[in-house]
Asks: 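Below you will find the structure I want to go over with you.
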Amino acid sequence: MSSKSFILAVIDGLTPALLERGLEGGRLPMLQALVEEGTYATGVTVFPSLTPVCLSSIATGAYPDVHHIPHLSWYHRGKRRVVEYGSSFPAMRAVGARQALRDSIFNMSHEHLSPNAATVFESIEDAGLTPAAINFTCYRGRTRHAIKLPGLASRNRWYEAVYGPKRFFFFNLFESDVTGAPIAVRSRLEGSIDAYAGVVGRWLVTRDGFDFLVFYLPDHDYASHLAGPQASIDALTRADAAIGQLADAAGGLDELLDRYAVVVCSDHGQTHVDASVRLQDSFGDLDVYPGRRRSGPEGFDIVVTASNRCGMVYRLEDCRLDIRALAERTDGARGLDVVLFREDRVAVARRGGQELRFRPESGGWRLDGDPDVLDESLYPNALERSWRALACPNAGDLIVTTADGFDFVDLGGRSHVGGGSHGSLGVSDSTVPIIGAGFDRSPLSDRPVITELAPLALAHFGIEPPASMAPAAEPTRA
Ligand SMILES: [Zn+2]
């Protein structure tokens, strides 16, 4: 147990490759200093490698089978409607922009996230410590925060209050303290959200205002979607500067690391895409919801929710094809890669017409069929990540990913062609950099998974992780 406080900084969409290039080019003074003072590892994220899923895994220390957030865009079987957390503005409009905002800002943390998946914020506060979060979208905690804009809330049928970490700063909707930080969402491309986080973080460090802080920096992902994952170095330098403000507030890096253990990670990677594909086109003879009508799925065969590099297919009761027949429709389709589904309590992965069947067995995996379908060098930790994605009760009956260079067209007709995208099982979407500094010994295993971060933070304070969290991995690094 350590007397230091703990900072977890999350740079959205950062790949190990871009971080390493930025370090070599001398453009990231703060991250450089943290790597020199600490340790650096290449970790793996969960699947689908999309922000709502990954941030929920960081917050709960669990995979989607436990936290229940399946995708950025998914079909709610109970409510019989599509949930869209924000693939694009047209996709949000396609399902109703107000509903999409309600889902992403409020419902994800309060209704969709499983109540059985304890968050790191809840566990920290239950131990009598002070958790804090800035702009982190999976935020469920123990302290009630009234919305700052009650007029806007009542017009849009938003929640009047949410439960978040004790110190909670969420864009300009919730602020537990008056910090004077400006917010300007319209200049997103210039890094206005990260700049806000930097000012609030500086305010918190100056006051020693927390035991545990999640410092979330989303602007890099936004820039990388537009320009591509090799061209977002300017956004990364701004994220570096925002973390640097924490050190400035402490009086320098040494002072920061005297007071805080610091982890910097990403939630997922990104891949350059130069073509797009519509998942719906594999099912042209079926009635596919939402399509043009969005009043309800009655009378349709399937629901397709595709976004970025992952898609879900939900079979509705009247569909004449079974799940295997639906999966085989994607065999050989241009731009598609792996399709996953479950059959008789076994997971099935198909790629290029080849098939691998797998299930957990005595601490390992029982495999039948062609193991190259989920080759570890192409698809890191694919068995566990696929199994747990399929076991999420909100996942589709099929989960489909795109091939290298391809992006799915979302519900609003948009894709990221010419830029970056993510969501698949592939290496560049799935691997993330993790830096740890200010620890007595390296906290990271050789191949850390992002689910290890919440139990790592709890272990730092001597708190027993709740049963819903994966146990903290034994550090294997010197
Ligand atoms: Zn993204």
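Residues: numbered from 1 along the sequence shown. Predicted model only: the values in this text are computed from it and were never measured.
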Asks: When you measure from the side chain of Ser154 to the backbone N and O of Gly151, does any donor-acceptor pair fall under 3.5 Å?
Replies: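 Such a contact is found between Ser154 side chain and Gly151 backbone.
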
Asks: Could you pull out the closest heavy-atom pair between Ile134 and Gly201, with the gap in Å?
Replies: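 Distance-wise, the nearest heavy atoms are CD1-N, 3.7 Å.
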
Asks: Is it true that Arg81 and Asp103 make a salt bridge, defined as a side-chain N closer than 4.0 Å to a carboxylate O?
Replies: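 Yes.
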
Asks: So, Ser424 versus Thr401: side-chain donor-acceptor pair below 3.5 Å or not?
Replies: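 On atom types as modelled, these side chains do not qualify, holding no pair under 3.5 Å.
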
Asks: Is it the case that Ser421 and Asp407 place a side-chain donor and acceptor less than 3.5 Å from each other?
Replies: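 The answer is yes; a qualifying pair exists.
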
Asks: With heavy-atom distances below 4.5 Å as the criterion, would you say the side chains of Ser468 and Thr60 are in contact?
Replies: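 Side chain of Ser468 against side chain of Thr60, heavy atoms only: no contact under 4.5 Å found.
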
Asks: Would you say Tyr159 has more than 12 foreign heavy atoms packed within less than 6.0 Å of its OH?
Replies: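 For Tyr159, atom OH is crowded (more than 12 foreign heavy atoms under 6.0 Å).
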
Asks: Hydrogens and angles aside, do Glu125 and Thr130 bring a side-chain donor and acceptor to less than 3.5 Å of each other?
Replies: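 On atom types as modelled, these side chains do not qualify, holding no pair under 3.5 Å.
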
Asks: Does some side-chain heavy atom of Cys54 sit less than 4.5 Å from a side-chain heavy atom of Ile450?
Replies: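 Sidechains of Cys54 and Ile450: in contact.
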
Asks: Got a sec, which residues hit ring pair (Phe, Tyr, Trp, His ring centres under 6.0 Å) with Trp158, two or more places apart in sequence or on another chain?
Replies: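 With sequence neighbours excluded, Trp158 shows a ring pair (Phe, Tyr, Trp, His ring centres under 6.0 Å) to Phe106, given in chain and number order.
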
Asks: With sequence neighbours left out, what residues match Arg414 under side-chain hydrogen bond (donor to acceptor under 3.5 Å, both in side chains)?
Replies: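 side-chain hydrogen bond (donor to acceptor under 3.5 Å, both in side chains) check on Arg414 returns nothing, list empty.
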
Asks: For Arg167, enumerate each residue passing the salt bridge (charged side-chain N to carboxylate O under 4.0 Å, His left out) test, keeping only those at least two apart in sequence or located in another chain.
Replies: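 Once residues adjacent in sequence are excluded, the partners of Arg167 under the salt bridge (charged side-chain N to carboxylate O under 4.0 Å, His left out) criterion are Asp177.
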
Asks: Are Asp208 and Tyr260 packed together at the side-chain level, in the sense that at least one heavy-atom pair is separated by less than 4.5 angstrom?
Replies: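 Side chain of Asp208 against side chain of Tyr260, heavy atoms only: contact under 4.5 Å found.
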
Asks: State, with a plain yes or no, whether a side-chain heavy atom of Phe170 is found less than 4.5 Å away from one of Ile105.
Replies: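 Side-chain contact under 4.5 Å: yes.
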
Asks: Can you tell whether the side chains of Arg27 and Asp234 come within less than 4.0 Å, N to carboxylate O?
Replies: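 Yes, charged N to carboxylate O under 4.0 Å.
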
Asks: Residues two or more places apart in sequence or in another chain: which of them pass salt bridge (charged side-chain N to carboxylate O under 4.0 Å, His left out) with Arg142?
Replies: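 Partners of Arg142 under the salt bridge (charged side-chain N to carboxylate O under 4.0 Å, His left out) test: Glu122, Asp126.
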
Asks: Quick one: are the ring centres of Phe47 and His71 less than 6.0 Å apart?
Replies: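 Phe47 vs His71: aromatic centres not under 6.0 Å.
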
Asks: Is the shortest heavy-atom distance from the side chain of His110 to the side chain of Tyr139 under 4.5 Å?
Replies: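 Yes, their side chains come closer than 4.5 Å.
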
Asks: Using a distance-only test with no angle check, is there a side-chain donor-acceptor pair under 3.5 angstrom linking Arg385 and Ser430?
Replies: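 Looking only at side-chain atoms, Ser430 and Arg385 do form a donor-acceptor pair, the distance falling under 3.5 Å.
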
Asks: Using side-chain heavy atoms (C-beta onward) and a distance below 4.5 Å, is Arg21 in contact with Gln230?
Replies: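 Yes, close enough: below the 4.5 Å cut-off.
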
Asks: Applying side chain to side chain contact (heavy atoms under 4.5 Å, CB included), name anything that partners Ser428, two or more places apart in sequence or on another chain.
Replies: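 Here the qualifying residues are Thr271.
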
Asks: Tell me every residue that passes salt bridge (charged side-chain N to carboxylate O under 4.0 Å, His left out) with Asp397, counting only those two or more places apart in sequence or in another chain.
Replies: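 If we apply the salt bridge (charged side-chain N to carboxylate O under 4.0 Å, His left out) test to Asp397, skipping adjacent residues, the hits are Arg77.
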
Asks: Identify, with sequence neighbours excluded, every residue that meets ring pair (Phe, Tyr, Trp, His ring centres under 6.0 Å) alongside His416.
Replies: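 Expected list: His225.
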
Asks: Got a sec, which residues hit side chain to side chain contact (heavy atoms under 4.5 Å, CB included) with Glu175, two or more places apart in sequence or on another chain?
Replies: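 Applying side chain to side chain contact (heavy atoms under 4.5 Å, CB included) to Glu175 gives Lys148, Phe169, Tyr196.
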
Asks: Can you name the residues that form a salt bridge (charged side-chain N to carboxylate O under 4.0 Å, His left out) with Arg388, not counting sequence neighbours?
Replies: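 Arg388 satisfies salt bridge (charged side-chain N to carboxylate O under 4.0 Å, His left out) with Asp65, Glu384 only.
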
Asks: According to the salt bridge (Lys or Arg N to Asp or Glu O under 4.0 Å) rule, which pairs have a member within residues 454-469, sequence neighbours left out?
Replies: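 Checked against salt bridge (Lys or Arg N to Asp or Glu O under 4.0 Å) - neighbours excluded - no pair reaches residues 454-469.
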
Asks: Among side-chain atoms of Gln270 and Thr15, is any donor-acceptor pair under 3.5 angstrom?
Replies: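 On atom types as modelled, these side chains do not qualify, holding no pair under 3.5 Å.
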
Asks: Heavy-atom count check: over 12 atoms from other residues, nucleotides or ligands less than 6.0 Å from Glu160 CD?
Replies: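 Not more than 12 within 6.0 Å, no.
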
Asks: Between Phe6 and Phe212, how do the two ring planes meet: parallel, tilted or perpendicular, split at 30° and 60°?
Replies: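 Ring orientation of Phe6 relative to Phe212: tilted.
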
Asks: Listed by chain and number, what are the side-chain hydrogen bond (donor to acceptor under 3.5 Å, both in side chains) partners of Glu20, not counting sequence neighbours?
Replies: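 Tyr40.
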
Asks: I'd like to know if the side chain of Tyr85 pairs up with that of His112 as donor and acceptor (distance under 3.5 Å, no hydrogens or angles considered).
Replies: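 Distance-only check passes for Tyr85 and His112.
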
Asks: Name all residues meeting the side-chain hydrogen bond (donor to acceptor under 3.5 Å, both in side chains) criterion together with Asp12; count only those two or more places apart in sequence or in a different chain, and write none if there are none.
Replies: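 Here the qualifying residues are Thr51, Tyr216, His268.
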
